[in-house]
S.K.: 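Starting off with a structure, shown below.
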Amino acid sequence: MPPITGRTYLAIPGPSVIPDRVLNAMHRASPNIYEGEIISITEAIFVGLKRLAGTRHHAAIYIANGHGGWEAALTNMFSRGDRALGVATGLFGTGWAKAAEQMGVAVDLLDFGRSAADPNRIAEALQADRDRQIKYVLVTHVDTASSVKNDIAAIRTAMDATGHPALLAVDAIASLGCDELRMDDWGIDVLVGASQKGLMLPPGLALLWFSDKALGAARHADLATPYWRIEPRVHPEAYWQHFGGTPPTQHLYGLHEVLTMVLEDEGLDAVWSRHKRLAKAIWAAIDAWGANSSGIGLNIPQATSRGHSVTAATIPHGGAGLLRQWLEAEAGVTLGIGLGMALPHEPAYGDYLRIGHMGHVNAHMVMGVLGTMEAGLNATGIGRGSGALEAAARALAEP
Ligand SMILES: *Cc1c(COP(=O)(O)O)cnc(C)c1O
């Protein structure tokens, strides 16, 4: 049980902290869904969603979590027996590829483990596909399990250089509203998002963006069933078709508020640089704890391959598990479990943790997490290097 006084802080990589502004926007009676305000805010939401993703093309909203978003995308991308190239850099990359396989798609999996995907190896896989059977390359932008960030623009450039016609589908569930992301500039055909990570909402909305090319191809995708078909959602004859039925009413009010906060009040560039600065503070602290051969360390050695919304780290000999327990019980801070590093029954499971720093996060929240982690390391007697909080404070002060 967390302490009963003061605000607790759920610092896991989703669901993330919901701003009071968003909670207040959602806290209202159900609106008429046939006419009035809900219709006009929905139109504004689609305009905002396209700005958020950096696209002139098509956006759709599904009532689902991220896994539902994966499936919504896949049903509109493939027919039974089609081929895909799956690119895995953590548990979520593998998960999306597996979902495709279970739906009848033949997936060649390129597994990069805990490193960022090598665009050259993706190009080689496409070159080896002489009959041009691969319809899509599936990539995760930021894999929330490993905290690897892939260079989507470089992957697209490498794909283009092969002349292979495969389209590019990107899971940006953990990076939307956190890391720089430009759908059209980077040549992304299908983009998948969800409401409960950088978008600061409760789980419940899966967001899809399709390029003209991908939407054209979707007309022939025979995996799509009526609810999941994207075409009527982006070109509805009646309002209800945007959602295949009743709209997610309160979520829409919340999403409208989020888009105002991100696009108008703070600005997308400022949102991206805030996440970058906060991430650097967390990395600096963990690097400092890792001195003195404590074994504490970041999952991803290369800074350019780290996402700015989540940080996976190791504290050996079960230290990560001990620290997580101390933080939750004594400090009211909940950190994320290690995901995809070891199974819960394996001893190494307690060696990993993740810090979520996505969405409604600022410097004092990050320093609060790091400061209580430092207290927890002391209290549990875990050996560590010194100067972590000074290093984080310095990183926060950098321009
Ligand atoms: C969270 C997440 C998912 C899964 O989303 P759910 O809402 O838990 O189904 C998929 N991919 C990435 C990159 C994620 O961060």
Side-chain angles (χ1 to χ4, degrees), residues 10-18 53 61-75 77 86-103 107 109 111-112 114 116-117 136-152 155 168-181 183 188 190-209 228 248 251 254-255 258 275 279 299-300 305-312 334-341 352-359 361:
L10 185 68
I12 67 174
S16 63
V17 175
I18 306 174
I61 300 173
Y62 290 79
I63 298 177
N65 61 13
H67 283 73
W70 280 349
E71 209 158 316
L74 295 170
T75 59
M77 288 158 55
V87 176
T89 53
L91 198 71
F92 287 97
T94 321
W96 199 15
K98 271 194 194 146
E101 228 160 40
Q102 285 170 24
M103 291 165 72
V107 183
L109 189 66
D111 195 339
F112 292 93
R114 279 196 269 156
Y136 273 97
V137 176
L138 309 177
V139 189
T140 309
H141 186 204
V142 171
D143 198 300
T144 327
S146 61
S147 68
V148 163
K149 176 164 68 184
N150 287 306
D151 186 341
I152 302 298
I155 289 172
L168 176 59
V170 176
D171 170 353
I173 292 172
S175 56
L176 263 170
C178 305
D179 275 87
E180 181 181 0
L181 177 66
M183 176 168 168
I188 298 169
V190 168
L191 189 69
V192 182
S195 50
Q196 79 276 20
K197 310 260 169 116
L199 299 186
M200 311 180 282
L201 286 159
L205 299 182
L207 307 166
L208 258 58
W209 292 261
W228 298 102
H251 270 74
L255 179 55
V258 163
H275 279 86
N299 240 23
I300 313 302
S305 299
R306 291 180 203 141
H308 295 166
S309 53
V310 54
T311 296
T334 304
L335 298 182
I337 55 167
L339 207 53
M341 310 297 295
Y352 298 95
L353 57 75
R354 290 172 306 152
I355 305 169
H357 36 101
M358 45 178 56
V361 190

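One-based numbering, in listed order, for ligands and for the atoms of each. Below, each value reflects all heavy atoms present in this structure, side chains not excepted, and no hydrogens, waters or symmetry copies. Position 1 is the first residue of the sequence, and the numbers go up from there.
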S.K.: Identify, for atom 11 (N) of ligand 1, the protein heavy atom at the shortest distance, and state residue, atom and that distance.
M.R.: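 Of the protein heavy atoms, Asp171 OD2, 2.7 Å lies nearest.
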S.K.: Assess the side chains of Thr311 and His357: does a donor N or O sit below 3.5 Å from an acceptor N or O?
M.R.: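 A pair is found: one side chain offers a donor N or O, the other an acceptor, under 3.5 Å apart.
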S.K.: So is Val142 close enough to ligand 1, meaning a heavy atom under 4.0 angstrom away?
M.R.: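 True for this residue.
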S.K.: What residue and heavy atom of the protein are closest to atom 9 (O) of ligand 1, and at what distance?
M.R.: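 Sorting protein heavy atoms by distance from atom 9 (O) of ligand 1 puts His67 ND1, 2.5 Å first.
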S.K.: Which protein non-hydrogen atom lies closest to atom 5 (O) of ligand 1, naming both residue and atom, and how far is it?
M.R.: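 Here the nearest protein heavy atom works out to Gly66 CA, 3.3 Å.
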S.K.: So, for Met183 and Leu191, which heavy atoms are closest and what is the spacing to 0.1 Å?
M.R.: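 Answer, listing the atom of Met183 first, then Leu191: SD-CB, 4.0 Å.
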S.K.: For atom 15 (O) of ligand 1, what is the nearest protein heavy atom, given as residue, atom name and distance?
M.R.: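 Result: Thr144 OG1, 2.2 Å.
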S.K.: What protein heavy atom sits nearest atom 2 (C) of ligand 1, and how far off is it?
M.R.: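 Checking every protein heavy atom, the shortest distance to atom 2 (C) of ligand 1 gives Lys197 NZ, 2.6 Å.
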S.K.: Determine whether the side chain, the backbone, both or neither of Trp96 has a heavy atom under 4.0 Å from any heavy atom of ligand 1.
M.R.: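 Within the 4.0 Å criterion, Trp96 makes no contact with ligand 1.
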S.K.: Testing Pro15, Ser309, Ser175 one by one against Met358 for a side-chain contact (heavy atoms from CB on, under 4.5 Å), which residue passes?
M.R.: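 Exactly one candidate clears the test, Ser309.
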S.K.: Quick check with a 6.0 Å cut-off and a 45 degree axis cone: is Lys197 positioned over the face of Phe92's six-membered ring?
M.R.: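 Judged by the rule (NZ or CZ under 6.0 Å from the ring centre, within 45° of its axis), Lys197 counts as positioned above Phe92.
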S.K.: Does a donor on one side chain and an acceptor on the other come within less than 3.5 Å for Asn150 and Thr89?
M.R.: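 There is such a pair (donor and acceptor under 3.5 Å, judged by atom type) between the side chains of Asn150 and Thr89.
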S.K.: What closest approach, in Å, do Leu109 and Ala88 show between heavy atoms, and which atom pair accounts for it?
M.R.: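 So the two residues come closest at CD1-CB, 4.1 Å.
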S.K.: Which residue holds the protein heavy atom closest to atom 7 (O) of ligand 1, what is that atom called, and what is the gap in Å?
M.R.: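 The protein heavy atom lying closest is Gln196 NE2, 2.6 Å.
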